[in-house]
Every structure is written in C-alpha cells, then in structure tokens.
2 protein chains.
Amino acid sequence: MTLTELRYIVAVARERHFGKAAKACHVSQPTLSVAIKKLEEELGVSIFERGSNEVSLSPVGERIVQQAQQALEAADNVKQVALHGKNQLAGPLRIGAIYTIGPYLYPELIPQLRKSAPEMPLVVEENYTSVLTEKLKQGELDIIVIALPYAEQSIVTQPLYDEPFVVLLPASHPLTARKSISSVHLEDENVLLLGRGHCFRDHVLEACPACIPKPGLIGDLPHTIEGSSLETIRHMVVSGLGITVLPCTAAGAHSYSQRLLTIRRFSSPIPHRTVALAWRASFPRPKVIDVINTAIRGCNLSCVKYVRGRK
Amino acid sequence: MTLTELRYIVAVARERHFGKAAKACHVSQPTLSVAIKKLEEELGVSIFERGSNEVSLSPVGERIVQQAQQALEAADNVKQVALHGKNQLAGPLRIGAIYTIGPYLYPELIPQLRKSAPEMPLVVEENYTSVLTEKLKQGELDIIVIALPYAEQSIVTQPLYDEPFVVLLPASHPLTARKSISSVHLEDENVLLLGRGHCFRDHVLEACPACIPKPGLIGDLPHTIEGSSLETIRHMVVSGLGITVLPCTAAGAHSYSQRLLTIRRFSSPIPHRTVALAWRASFPRPKVIDVINTAIRGCNLSCVKYVRGRK
DNA sequence: TGACATGGATTGAATTAAGCTATGGACAAG
DNA sequence: CTTGTCCATAGCTTAATTCAATCCATGTCA
C-alpha cells in the first residue's frame, strides 16, 4: 500500500470517474486503473463498483476511502511539521467560534494570544456549530470554540468553562423585583429567542420548555420573536418587546446603561452551558492548543467557572 | 514521501541506530540510510543528528517522527477496515475500565453488548487511568472507560453519565440517623480511602479536603487506612474500621445485607464524577463507539444521570 | 440495427525507484 | 597505529511505475 494509491482512491471517490480522477492526479487513466486494482487486490476487497455508466463506492470502499483520507492528512501533517520548523507557535492559525461566544470571547482572547504567541497570526471566524464543524473537518479551520455536548468522529474536544445563564430584563419589568429568577417565572413572559441553528436557542428551550415558540401572531408581530444575534435581541429587550436569557459572558458587554436594562441570575438549578475547544485529532501543533487553553483561562470572564485543566 | 520512508524514520527513532533499524525493517543499512537522506532532503530539514557514537533526534525530528507514527497508524487502519469487511461490529474489541468502574459496569455492559454486537468478542481489562491511557495510546486497547477530567493528545472522549457519590456507613453508625450527609460531617470521621493512583481517591479528597490522610498511627493502625479496591474498603467498613465514600454504582452491588451496611446520600452540593468513553482519534470503527454508547445507556444504572447523547 | 461515443481494462515498452553488495571515511578505543 | 564501529557513497540489479496505444463492454441515436 502506498500513499499514491490512497490518493488515487480518494480522487476516484471524489470524482466518481476514473478518467477525471486520473487528470486530477496528473497521471494517465491506465496508471490509475492499475494502481487501484493493485490496491484492491492487496486489501482483498473491491473498493469501487464499476457500473455501466457510473462508478460508485462499495460499502467497505466508503470506509476505506474515509480512512485513506485520514492517512493522507496525517502524511500531509508530516510535511507541515517540517515546514514550520521547530516552532509550533509560528505560522497562521484559523480559529472559529459560534455566534454566541465569539463576540464576547474574542476581545479578551485575541490580545492574550498576541502576547503568548506573537508569531501566530490569527484568522478568526464566527458561525453556527454545524458550519464550523464542517470547516474544521475540511481543514479550513484549525480550532473552534463551541458548546457541549459535541461529539464528532475524529474531533478532539476539551471543556473550558461552565457558563451560567442569566435573565435580561427591561429595567421597568416586574421581575426585576426578584433577586433571582426561576424558569417557571419565564413561562408567562415573552422570551425572545435566537433563530434556529443557534445552539444557544436550544439550550434556552431546554432550560425553559414553556418558551417553545408558538405559531401565530400577537397584533402585527409573530407570537414569538426570534433575533438573529444576541445583540439584536438586546436591542429588542430595551425596546420593550420582551425579556431574554443570555449566557453570562454576553450579559456585561453592551452599550446600554443599568437604567435601561437589568440582569438577574437564575435560582438553582441554574441553567448553564459548557464551552469547549475542538480540533481535528490529527492537528499537529499540540502547543497551540495549550496556549489557547491557557489564554482563555487567562481571560477576564469573571462569571464563568473554569473546568479543571488538562492533566 | 512514502510510507516506507516513514517506517524507516520511526524505526531509527526507536532503535537509535541505523543498522539495527535496518534489521528491524528487513532491509540493508544503506537502503535505509539513502531513504532517510532522501526524505530529509524532500522535507528540507534534518531529522536525525548523527553524532560520533550515537544517533539522536533533532527537535523538529522528534515531532516529525510523532506525526509519522500517526500517519502509519492511519494507513494501518485502512488495512484493518478492509480486513474486517463491511461489518465494523465483527472482530474483537479490547476494552478497559478503571478499577472503580469496571466491576460495577461490566456485569451490566457485557451482556448488553453480546446482544447488540454478537460477533464482537470482548477482551476486557481493569486498571488505573494512567495504565489504561498508555495501553490505549499504544494500540493495546481500543476503548476505555474513565472519569473526567481527561485530556490526552489525539484521544477522543465522550461523556456518558454523571454519577453522584454516596456515603457507606456501618449500620450502627451515628450518621445513619441523618437522611443526607454533608462533607462537613465527614471531617471527624475515619474515611477509608483508596490508595494513590486511583482517581476516585482524588475525587473524594476534592469533595472532602478534610479527609486528606495524615501520617502517623492510631494504636497499631495507620491514621488513615487505604484500601486496594472499593470491595476491600467495603469489608473494612463492615468490620467497623471507618466509613467511606462510594460512587453510587458501587453502592448496590455487594453481598452484605442492610442490617450491616447503610447507604446515605450527600446533601447538596452532591459530589459526583463524570464517567466517559475514550478512544484513539484514529480508531476506525465508529459504529463500535455508537454501540457501546447505546449499550451503556441501556444499562440498568439507576442512580446515575446520563449525559445527553451524541448529536 | 449499426455507427459511434464513453469509460474502464489490458498490453508492452520505457522510465524510475528501491533494493543489495562492496567499499569508503570519520571517529573512538586500545 | 591499528582495529572496530557505524553511517555514507557507488555501482549494479531488479522490481515497480508510468505511458501510449489498444481492447472491449455498454449505452446512444439515427
């Protein structure tokens, strides 16, 4: 078995066409055909099913190609390691965070990283968990910050901190009279939610099942209003459209004074989420993980509880 | 770059000797020397430092070899996938658990797995976290059950359940009068601990810092008695040597009647541990993980709280 | 139905890479 | 100064890879 053969089967699996795959690999079609046949004989299974007018993957082939991709990635990483020399903290790092973390973590994290790894330029992105996951797996991102639970094949995760949720109220709201708020108090309130796809939306609904949006209108407005970001929701809370639930790191960073907005904590059991790092298991720069881990723990996120560190 | 070259550098890194490495690879010494030189030229770095009387790894070389090992493992897995054919649930699985989980989980888990994956013979082991980790990394185990926190390079973890701790008392003990017990109640008690190396020992000490063992003797016995397993500790509790803290799954499975032993829950905050699966990120049988996950969730562990599943 | 197009398999020659034996050269020990 | 160790180099052989040319099965359309 050679890396070349693995490249060939990955190409055919991608192109679904021997000729095109051969072109993509810069070899002739017979070369590729022979190489694949040789590999199939060595492995004792047929990877592709040559139909009359199409090439498809056999069930085993599917998994073989997946595994081959991993092997190729690992081999590529050998080159990367050699390229970047001994300093893992040199060279760019592509980092992603979900929408409900990025805006509140990055302003703390990035200055920290500039200090601890000045030779590591950062490419930074915000997106949904699903998009970040895809980009991470495709190698378009190196490390992402998401909320647990999170389990993906060949992705390593590392919990960072537990983040309690808080309630954001207009200052004039009756609930501001309470010192802490239970999820039952939210049942009759108009709780503004993020749109579908935001995992924080699901976290809130889990903590407050009664907040599940109902179809229909109240006056001109839909029964439940969905915001496209925590900041738009904050504006709507100010404007009196309703109240909302925020992760605590998002509670402080805003431009409204206490005369307009009030924050109240939850009474026990306090709903919360666990924020974690995730990276490809094959990511070849362990020190980068350590540095980011340390940097986040060094961030001034006063309301969170850091998870005990890596051993 | 070829897999053969990677095998060569891994061998030299292991043997620290070109000649011996060549023998281990079943090739002549010049073959190996040339191949390594070629790879070093391709990568543009020198992997080994040829000293007068010894071969050592350069700093970059160290990481290159590590990465090479990963690539070789991934390539091996291609063969494994082909070998076991389309059925990931066929072929033996080597599973490990720490001492404080295995005896209580296996009797539930193994019959479950026999049902859901009858063609998968199980090789089962119990050991300390550190030993299991080493065996997992070396490929001597496929999947292990440990307690969080757990973070190892290129190991994937998946939380399974939260397990509250309980207090085990002789039936005649004054604390049996209480419905629930707080850690402060343990301060003046003789709390029997597991020996060093058991992570559960550390969990107990974290929940009850006052229980940290003090040197010295009480009469003939050491001030703090350490047991080699939860079962030996249970015997000692029966015999009146002291009380102990157990994970709740270990509380029920014993041969003593309620007339001798009493179990009491903790009052809030209830100390607990999170039990998780861990496997090499390169482990090529994702369905096996799913099946074990499902099997454990199907176990009759009434006292635990299962963590939300994989998405 | 038959000419043609498509797409993978086969063939055989040319090239390249990987392997071996023999030898060279640096270094340390005696 | 000799000897032994150990990695590097040279020259040769053999095996593997690649390509162009060709074959063959299948599907399309007049």
Side-chain angles (χ1 to χ4, degrees), chain A residues 1-62 64-65 68 71-72 75 78-79, chain B residues 1-62 64-65 68 71-72 75 78-79:
Chain A
M1 187 168 60
T2 69
L3 289 171
T4 310
E5 285 161 2
L6 297 185
R7 264 188 284 274
Y8 290 167
I9 61 170
V10 169
V12 174
R14 177 165 28 86
E15 308 280 348
R16 309 249 151 189
H17 189 289
F18 278 61
K20 287 174 192 163
K23 217 162 250 169
C25 296
H26 308 292
V27 294
S28 67
Q29 172 264 315
T31 300
L32 185 133
S33 277
V34 168
I36 288 179
K37 180 165 204 166
K38 175 169 159 278
L39 180 61
E40 286 184 324
E41 264 167 26
E42 179 185 346
L43 295 180
V45 295
S46 92
I47 299 171
F48 299 104
E49 306 190 342
R50 284 85 159 168
S52 55
N53 216 347
E54 47 160 20
V55 175
S56 63
L57 277 163
S58 74
V60 208
E62 196 121 14
I64 289 181
V65 167
L72 290 173
V78 174
K79 287 191 188 164
Chain B
M1 187 167 62
T2 70
L3 289 171
T4 310
E5 285 161 2
L6 298 186
R7 264 187 285 274
Y8 291 166
I9 61 170
V10 169
V12 173
R14 177 164 28 85
E15 308 281 347
R16 310 247 150 191
H17 190 288
F18 277 61
K20 288 175 192 164
K23 216 162 251 169
C25 295
H26 309 291
V27 294
S28 69
Q29 171 264 315
T31 299
L32 184 133
S33 276
V34 169
I36 288 179
K37 178 162 205 175
K38 175 167 159 279
L39 180 61
E40 286 184 325
E41 265 166 25
E42 179 185 347
L43 296 180
V45 295
S46 92
I47 300 171
F48 298 104
E49 306 190 342
R50 284 84 159 167
S52 55
N53 216 348
E54 47 161 21
V55 175
S56 63
L57 277 162
S58 74
V60 207
E62 195 122 14
I64 289 180
V65 167
L72 291 173
V78 174
K79 288 191 187 164

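Everything numeric in this text was worked out from a predicted model, so none of it was measured. Chain letters run A, B, ... following the sequence lines, proteins first and then strands; every chain starts at 1.
At D:dC6, none of the side-chain N or O atoms of B:Arg50 fall inside 4.0 Å of OP1 or OP2 (strictly under the cut-off). The side chain of B:His17 places an N or O atom within less than 4.0 Å of a non-bridging phosphate oxygen (OP1 or OP2) of D:dC7. Side-chain N/O atoms of B:Ser28 include none lying less than 4.0 angstrom from OP1 or OP2 on C:dG19. Applying the 4.0 Å criterion to OP1 and OP2 of C:dG19, one finds that B:Tyr8 has a side-chain N or O inside that range. An OP1 or OP2 oxygen of C:dA9 is reached within less than 4.0 angstrom by a side-chain nitrogen or oxygen of A:Ser33. In this structure, B:Lys37 reaches the D:dT9 phosphate: one of its side-chain N or O atoms is under 4.0 Å from OP1 or OP2.
Considering only side-chain atoms of B:Thr2, the nucleotide from C:dA18, D:dC19, C:dA9 that sits closest is C:dA18. With D:dT18, D:dT9, C:dC20 as the candidates, the nucleotide lying closest to the side chain of B:Val27 is C:dC20.
Whole-Å rounding puts the A:Met1 CE to D:dT17 P distance at 13 Å. Put simply, CD on B:Glu5 is 9 Å from P on C:dG19, counting in whole angstrom units. Rounded to whole Å, the distance from CD on B:Glu41 to C1' on D:dT9 is 13 Å. In this structure, CG of B:Leu32 is placed 9 Å from P of D:dA8, rounded to the nearest angstrom. For the pair B:Arg7 CZ and C:dA18 C1', the interatomic distance rounds to 14 Å; values are reported in whole Å. Protein atom CZ of B:Phe18 is 11 Å distant from nucleotide atom P of D:dT9, rounded to whole Å. Rounded to whole Å, atom C1' of D:dC6 lies 17 Å from atom CZ of B:Arg16. Put simply, CD on B:Gln29 is 14 Å from P on D:dT5, counting in whole angstrom units.
For the pair B:Ser58 (side chain) and B:Glu49 (backbone), a donor-acceptor distance under 3.5 Å is absent. Using modelled atom types, one side-chain atom of A:Glu42 and one backbone atom of A:Met1 make a donor-acceptor pair closer than 3.5 Å.
Projected onto DNA chain D by closest heavy-atom contact, A:Lys38 and B:Lys20 fall at different nucleotides, the more 5' of which corresponds to B:Lys20.
Remark: A:Leu32 CG to A:His26 NE2 distance equals 12.5 Å, nearest 0.5 Å.
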| task | Determine, step by step, whether A:Ile9 and A:Leu6 satisfy the side chain to side chain contact (heavy atoms under 4.5 Å, CB included) criterion, reporting the C-alpha distance in whole Å, the side-chain angles of both residues, the deciding distance to 0.1 Å, and the verdict. | result | CA-CA 5 Å; A:Ile9 61 170; A:Leu6 297 185; 4.3 Å; yes
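Minimum heavy-atom separation, B:Thr31 to B:Ser28: OG1-OG, 2.8 Å.
Within the 4.0 angstrom heavy-atom criterion, no nucleotide atom of any strand lies near A:Phe48.
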